[in-house]
Number of protein chains: 2
Amino acid sequence: MSTDTKQKILDVAEQLFAEHGFAGTSLRHIITDAGVNLAAVHYHFRSKESLLEAVIIRRTAPLNEERLALLDKVEREAERSAASVEEILLAFLGPPIRLILNPSGEGRIFGKLMGRLHSETNLCFLEIAKKHFDVVSQRFHAALVRAVPDLPVDDLNWRVHFAIGAMAHTLSFWDRLEVVSHGKLKTGDPETLIPRLVGFIAAGFRAPVVARQATGHLKKKAAVERRR
Amino acid sequence: MSTDTKQKILDVAEQLFAEHGFAGTSLRHIITDAGVNLAAVHYHFRSKESLLEAVIIRRTAPLNEERLALLDKVEREAERSAASVEEILLAFLGPPIRLILNPSGEGRIFGKLMGRLHSETNLCFLEIAKKHFDVVSQRFHAALVRAVPDLPVDDLNWRVHFAIGAMAHTLSFWDRLEVVSHGKLKTGDPETLIPRLVGFIAAGFRAPVVARQATGHLKKKAAVERRR
DNA sequence: GTCTATAACGGGATAGAC
DNA sequence: GTCTATCCCGTTATAGAC
């Protein structure tokens, strides 16, 4: 059946793109694992690149809808006061992390692909990301500005940047904590992953701002280090 | 001359691997940009994969030496008390960030490659990382355990994980803050990047620990925050 | 050490029968 | 919608002259 073939291709492509990257995955590898014909790929999706985009939006579309819905809810409930950083982060980070931790296994590998979405520097990835994340990005950015109004905008932007990195890395490697703990430790309870990540980032957002001139001692320190 | 050709290949390979990834970069692309012969690559480095490793260790070897030296110094100075989180983070994050911000331009693109080092899930990348980062990883992990002795080890490991993500992403995209700030804002002063990143992560390390039983009730936690 | 030439293979895409 | 067959190009790697 048609939809069956299409689904199969999407599923396998998602798996292989996540595992080997876009350039590292050949259509022939995909069709072999999916047990379909090469021409079918070009029939249903017209090119390798379009296939990638289809793989991505299949999951990010509902994901981003959920994020925006949660943000709406949080902002509605906050009413007169602004929503807290934790609530905003929860609306942003909860959906993708629940997706990858979902025991059904549906979205498990997608996290790795999404992590790549953020670390691929070249190609279509960036355009795709821009295309599908722009609205979400703007809404959440605005919400954060309201949540920490005293934070200079430069600092806010850097902290968002750091937060994205922590999130992307977690989505990619939530199952590989052993690497970081030099092989001695287990992955840890996935149940607590969301509050752990939210707590870490929220604390980062509330960190004291590095004063323009107060960086002096750090800089001086670095300069001293450099002289060694 | 021999060393000239070799250097040229290393330089161009670093650039292209960083930009397009390993699988996305062909040797022919490299030799074209480098203006050398294809056979030269196989003569000086015996394969594409070995070339990648050569590119990586050329910069990571001195980098990791510097990290360890800084850590030694910090721990020596701390003597009876443990080194602070900030000092440890500075020893770990300072060297690579100074490298990418170095106005000489020597190591600018290497950050992007190093960022990939942490987000490539497949191939030789992992082996290479393991091979060259294991000692560093263990030393810093131990130092952090001493710096935050009250933090449960599970939490510590997750936070290290988040920190690596923030670092890797920053190394890759320190020059692309606009993406995160929906295109409206400039990159921000690179001079302050190190204290900003260190401050963010250090605050994350000092965040309150998520209590075992309190995790299920995010709503309650969020409600408490709202009352602030 | 550096070149040319070529081996040996895998890649994405398409035409056209069914 | 699905298949086979094929085009045409790019890939890594090597052999052997200079």
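Every chain is numbered from 1 and lettered A, B, ... according to where its sequence line falls, protein lines coming before strand lines.
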What's the closest nucleotide to the side chain of B:Y43 if the choices are C:dG1, C:dG11, D:dT14? C:dG1
What is the separation between atom NZ on A:K48 and atom P on C:dA13, rounded to the nearest whole Å? 8 Å
Centroid separation A:H161 to B:H169 less than 6.0 Å: yes
Check whether any side-chain heavy atom of A:F45 sits under 4.5 Å from a side-chain heavy atom of A:L10, and report yes or no. yes
Counting C-beta onward and ignoring hydrogens, is there a side-chain heavy-atom pair between B:Y43 and B:N37 closer than 4.5 Å? no
Counting only side-chain N and O atoms of B:S26, is one of them less than 4.0 Å from OP1 or OP2 of D:dG10? no
Presence of A:T5 side-chain N/O under 4.0 Å of D:dT2 phosphate oxygens OP1/OP2: yes
When you measure from the side-chain N and O atoms of A:H42 to the phosphate of C:dT14, is any distance below 4.0 Å, counting only OP1 and OP2? no
Rounded to whole Å, please give me the gap between NE2 in A:H29 and P in C:dG12. 12 Å
What is the separation between atom CD1 on B:I9 and atom P on C:dG1, rounded to the nearest whole Å? 12 Å
Aromatic ring pairing A:F22/A:F17, orientation class (parallel under 30°, perpendicular over 60°, tilted between): tilted
Give me the one residue out of B:R98, B:R59, B:R58 that meets salt bridge (charged side-chain N to carboxylate O under 4.0 Å, His left out) with B:E106. B:R59
Is A:A40 touching bases, backbone alone, or none of the nucleic acid, heavy atoms closer than 4.0 Å? nothing
What's the closest nucleotide to the side chain of A:R28 if the choices are D:dA13, C:dA13, C:dA15? C:dA13
Atom pair distance, as rounded to whole Å: CG in A:D4 and C1' in D:dT2: 14 Å
Please report the distance, rounded to the nearest Å, between CZ in A:F45 and C1' in D:dT2. 15 Å
Whole Å only: how far is the CG atom of B:N37 from the P atom of D:dA13? 15 Å
Could you give the CG-to-C1' distance, from A:L27 to C:dA13, as a whole number of Å? 9 Å
Think B:H44 has a side-chain N or O under 4.0 angstrom from the OP1 or OP2 of C:dT2? yes
Taking CG from B:L38 and P from C:dA7, how many angstroms apart are they, rounded to a whole number? 16 Å
